Amino acid sequence: MNKSRYLSAPRALSFYLGAAFLLSASSAAWAATDVQVWHSLPDYNKKVFEKLVSDYNRSQKEVTVKLRAFGDEAQLDQALTAAQAKDRPNLFQLGETSGLDDVAQRSYVLPLYTLTAKSPIKTGTWFLPAANNFMHDAKGRMLALPLMAEIPVMFYNLDAFKKAGIVPTEPSRAWHDLQAQLVTLANNGSRRCPLTSDQPVSINLENLAAVNKQFYAGSSKAKAGFDFDALYIRHLSTMISWVRSEIMVGPEFGPQSVTRFAAGECAVLLSNSGNIGQLSNDSKVNYSLAGLPYYPEVAAQPGSPFVSGSGLWATKGHSAEQDKATTQFMAWLASAPASASWYQSTGYLPLTKEAFEVTDAKYYKDLGNWRDLVAIYEKNPENTTKGFKVHNYHQIRAMFNQTLQNALEGKQPAVTALRLAASEANKLANTK
């Protein structure tokens with residue numbers, strides 16, 4: 001079923017753009033300053049971003065934003081590495097993968113706090129506090145514009161739950177109770193795909209810790225190094241049994257899992273909130289969402305997942321005029337109308353508190369617990385939810401993904417897989 005959301009902010013955005021256009025039309029003509037932006041957004045969010053940028057370009061004559069899209073983050077990163085300084089964009093989209101050797105350390109990156117010191121972004125209050133650590137350094141300074149920040153959530157097919165006779169018509173947030181529901185779903189219409197996911201490391205390792213209020217390696221109060229204890233072993237053993245009994249389709253990277261859920265094949269999807277826009281507008285599924293499952297015997301109440309995703313990073317070597325134009329564009333993105341439109345249209349977290357506040361209750365009508373799940377991030381996070389930093393985490397994460405895949409395919413028992421993974425991760429983390 002194609003569901004259209006109530007969007008209050010775009011109407012305000014249209015008024016804002018119209019007024020800005022009239023003002024600019026009456027001004028003397030001059031050559032616009034180009035701002036190049038490279039990105040690798042998924043198809044639906046790419047269209048939303050292109051529309052937003054088109055609206056900005058029409059709203060004024062001073063700046064022209066030009067976009068270049070890449071198939072994925074790896075292609076964009078390769079192009080950045082190969083490009084000469086003069087050919088690099090003013091802004092590029094890239095994720096922070098919790099590594100201390102990450103994007104901020106690159107020689108050509110201009111931290112956002114340095115760029116805005118010369119041309120301040122006059123906007124409201126940032127939604128994510130600096131204490132969350134996402135796109136911030138240890139001193140709380142913003143490194144990049146967190147435009148594509150997201151959190152993992154549990155999407156569920158309302159029609160599949162109704163058909164299976166599950167009351168209330170929603171998934172349990174306790175893993176054990178969710179297992180019983182998945183069996184019921186499998187026996188009543190969802191045999192092909194009771195549950196799937198495209199975020200194996202996020203769901204089964206990183207946020208297994210955060211949602212159960214445990215410290216993950218690299219957190220400020222975590223034990224030194226990786227040590228996957230009984231919680232991880234128990235959980236991975238459970239996931240192996242779910243795959244074996246066919247109540248879970250093995251996790252896989254890429255759009256396959258989201259595509260299957262959007263087509264109505266899967267009853268439950270564990271994935272990132274950045275899929276909300278696509279599922280609300282391009283899918284046939286009647287869905288809602290809830291927070292990730294947790295273990296009540298470990299945490300009395302569930303914690304919140306880590307913020308992940310990507311942001312817009314600035315580059316060095318541009319003229320003062322281009323830097324000013326770049327901050328002008330980012331300030332517009334952070335304005336309440338534009339930011340609220342982006343949040344409502346995609347499922348990425350709000351950029352500012354004002355964008356969150358102007359979003360009407362009707363937007364959340366069919367989105368389950370989405371508003372409550374988002375509101376938590378407006379406050380300073382619990383210690384277990386703050387971002388973590390680990391040397392060489394890009395390589396570690398890739399290794400964890402392969403480890404989980406092998407275990408879920410039955411090639412290794414959980415305890416062996418996790419002990420070997422922890423040992424290898426600690427070696428990589430200590431390699432400078």
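In this text the structure is predicted, and so the values were computed from the model without any measurement. What's counted below: heavy atoms across the whole structure, side chains too, no hydrogens, waters or symmetry copies. Numbers here are sequence positions counted from 1.
Nearest heavy atom pair, residue P296 against residue A174, reads CG-CB, 3.8 Å. In terms of heavy atoms, G95 sits closest to V103 at O-CG2, 3.6 Å. Shortest non-hydrogen contact noted between P381 and N132 is CG-CA, 3.7 Å.
A distance of 7.0 Å separates CG of D229 from CD of Q214, quoted to the nearest 0.5 Å. Taken from CG in L41 to CG in L76, the straight-line distance is 10.0 Å, to the nearest 0.5 Å. In this structure, E73 CD and L80 CG are separated by 10.0 Å, a value rounded to the nearest 0.5 Å. In this structure, CG on L143 lies 12.5 Å from CG on L115, to the nearest 0.5 angstrom. Separating the OG atom in S190 from the CD1 atom in I247 is a distance of 12.0 Å, to the nearest 0.5 Å. To the nearest 0.5 angstrom, W332 atom CH2 is 14.0 Å from M330 atom CE.
Here D198 does not pair with R260 in a salt bridge; the nearest charged N to carboxylate O distance is not below 4.0 Å.
With sequence neighbours excluded, the residues forming a salt bridge (Lys or Arg N to Asp or Glu O under 4.0 Å) with K51 are D55, listed by chain and number. Residues satisfying the salt bridge (Lys or Arg N to Asp or Glu O under 4.0 Å) test with K324, not counting sequence neighbours, are none. Checked against salt bridge (Lys or Arg N to Asp or Glu O under 4.0 Å), R244 has no partners two or more places apart in sequence or in another chain. In this structure E424 satisfies the salt bridge (Lys or Arg N to Asp or Glu O under 4.0 Å) test with no other residue, sequence neighbours excluded.
For Y363 and Y343, the ring centers are positioned less than 6.0 Å apart. A ring-centre distance under 6.0 Å is not found for W175 and Y294.
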Inset, instruction - Take D77 and R106 through the salt bridge (Lys or Arg N to Asp or Glu O under 4.0 Å) test and state the conclusion after the steps. - result: CA-CA 12 Å; D77 203 10; R106 300 184 183 190; 2.7 Å; yes

Inset, instruction - Please report the C-alpha distance between N207 and S202 in whole Å, then the side-chain angles of each, then the deciding distance to 0.1 Å, and finally whether the side-chain hydrogen bond (donor to acceptor under 3.5 Å, both in side chains) criterion is met. - result: CA-CA 6 Å; N207 286 301; S202 169; 2.9 Å; yes

Inset, instruction - Test W38 against T315 for side chain to side chain contact (heavy atoms under 4.5 Å, CB included), laying out the working first. - result: CA-CA 11 Å; W38 291 3; T315 60; over 6 Å; no

Inset, instruction - Determine, stepwise, if the pair F306 / F388 fulfils ring pair (Phe, Tyr, Trp, His ring centres under 6.0 Å). - result: CA-CA 9 Å; F306 294 115; F388 56 91; 5.0 Å; yes

Inset, instruction - Start with the C-alpha distance between V35 and K66, add both sets of side-chain angles, then the distance that settles side chain to side chain contact (heavy atoms under 4.5 Å, CB included), and finish with yes or no. - result: CA-CA 6 Å; V35 171; K66 297 183 177 180; over 6 Å; no

Legend entry - Stepwise side-chain hydrogen bond (donor to acceptor under 3.5 Å, both in side chains) test for T359 and Q344: CA-CA 8 Å; T359 298; Q344 295 172 30; 3.0 Å; yes

Inset, instruction - Under the salt bridge (Lys or Arg N to Asp or Glu O under 4.0 Å) rule, what do R397 and E206 come out as? Steps first, then yes or no, please. - result: CA-CA 10 Å; R397 206 170 197 272; E206 297 163 354; 2.9 Å; yes

Inset, instruction - Given side chain to side chain contact (heavy atoms under 4.5 Å, CB included), test L269 with N157 step by step and report yes or no. - result: CA-CA 9 Å; L269 167 70; N157 185 324; over 6 Å; no

Inset, instruction - Test side chain to side chain contact (heavy atoms under 4.5 Å, CB included) on Y216 and T384 and set out the steps. - result: CA-CA 7 Å; Y216 190 67; T384 49; over 6 Å; no

Legend entry - Working for ring pair (Phe, Tyr, Trp, His ring centres under 6.0 Å), residues F161 and Y156: CA-CA 8 Å; F161 273 71; Y156 58 97; 5.6 Å; yes

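A 4.5 Å side-chain heavy-atom check between I166 and N188 finds every atom pair outside the cut-off. Annotation: side chain of N45 is in contact with side chain of Y348 (closest heavy-atom distance under 4.5 Å). Side-chain contact check for L270 versus Q199: every heavy-atom pair is 4.5 Å or farther apart. Between L349 and V374, some side-chain heavy-atom pair lies under the 4.5 Å cut-off. Taking 4.5 Å as the limit, some side-chain heavy atom of T326 sits within range of a side-chain heavy atom of L91. The shortest distance between side-chain heavy atoms of E382 and K213 falls below 4.5 Å. W342 places a side-chain heavy atom less than 4.5 Å from the side chain of F49. The side-chain heavy atoms of L292 and V153, taken from C-beta on, include no pair separated by under 4.5 Å.
At a cut-off of 3.5 Å, with distance as the only test, a side-chain donor of Q179 or W242 sits close to an acceptor on the other residue. Using modelled atom types, one finds no donor on one side chain facing an acceptor on the other under 3.5 Å when comparing Q405 with N401. For N204 and H235, the side-chain atoms include at least one donor-acceptor pair closer than 3.5 Å. A donor and an acceptor atom, one from each side chain of T196 and S257, are located under 3.5 Å apart. Checking H176 against Y295 by side-chain atom types alone, no donor-acceptor pair falls below 3.5 Å.
Between the side chain of S288 and the backbone N or O of G368, at least one donor-acceptor pair lies under 3.5 Å. Side-chain atoms of S341 do not come within 3.5 Å of backbone N or O of P337 as any donor-acceptor pair.
Residue pairs meeting the salt bridge (Lys or Arg N to Asp or Glu O under 4.0 Å) criterion with at least one partner in residues 137-155, sequence neighbours excluded, are D137-R141.
Heavy-atom neighbours of Q301 CD from other residues, nucleotides or ligands within 6.0 Å: at or below the threshold of 12. For Q75, the CD atom is densely surrounded, since the number of other residues' heavy atoms within 6.0 Å is greater than 12. Within 6.0 Å of atom NZ in K47, 12 or fewer heavy atoms from other residues, nucleotides or ligands are found, so the atom counts as exposed in its surroundings.
Under the side chain to side chain donor-acceptor pair (under 3.5 Å) rule, Y44 has a single partner from T346, N275, N281, which is N281. In summary, of the residues considered (W313, W126, F329), a side-chain contact (heavy atoms from CB on, under 4.5 Å) with L145 occurs for W126 alone.
The aromatic rings of F226 and F228 sit tilted relative to each other, their planes meeting at an angle between 30° and 60°. Between F400 and Y393, the ring-plane angle classifies as perpendicular under the 30° and 60° cut-offs. Using cut-offs of 30° and 60° on the angle between ring planes, the pair F356 and Y364 is perpendicular.
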Taking distance alone, no hydrogens or angles, what donor-acceptor pairs closer than 3.5 Å link side-chain atoms of residues 411-421 to residues at least two apart or in another chain?
{"unit_1": "K411", "atom_1": "NZ", "unit_2": "E409", "atom_2": "OE1", "d": "3.1"}

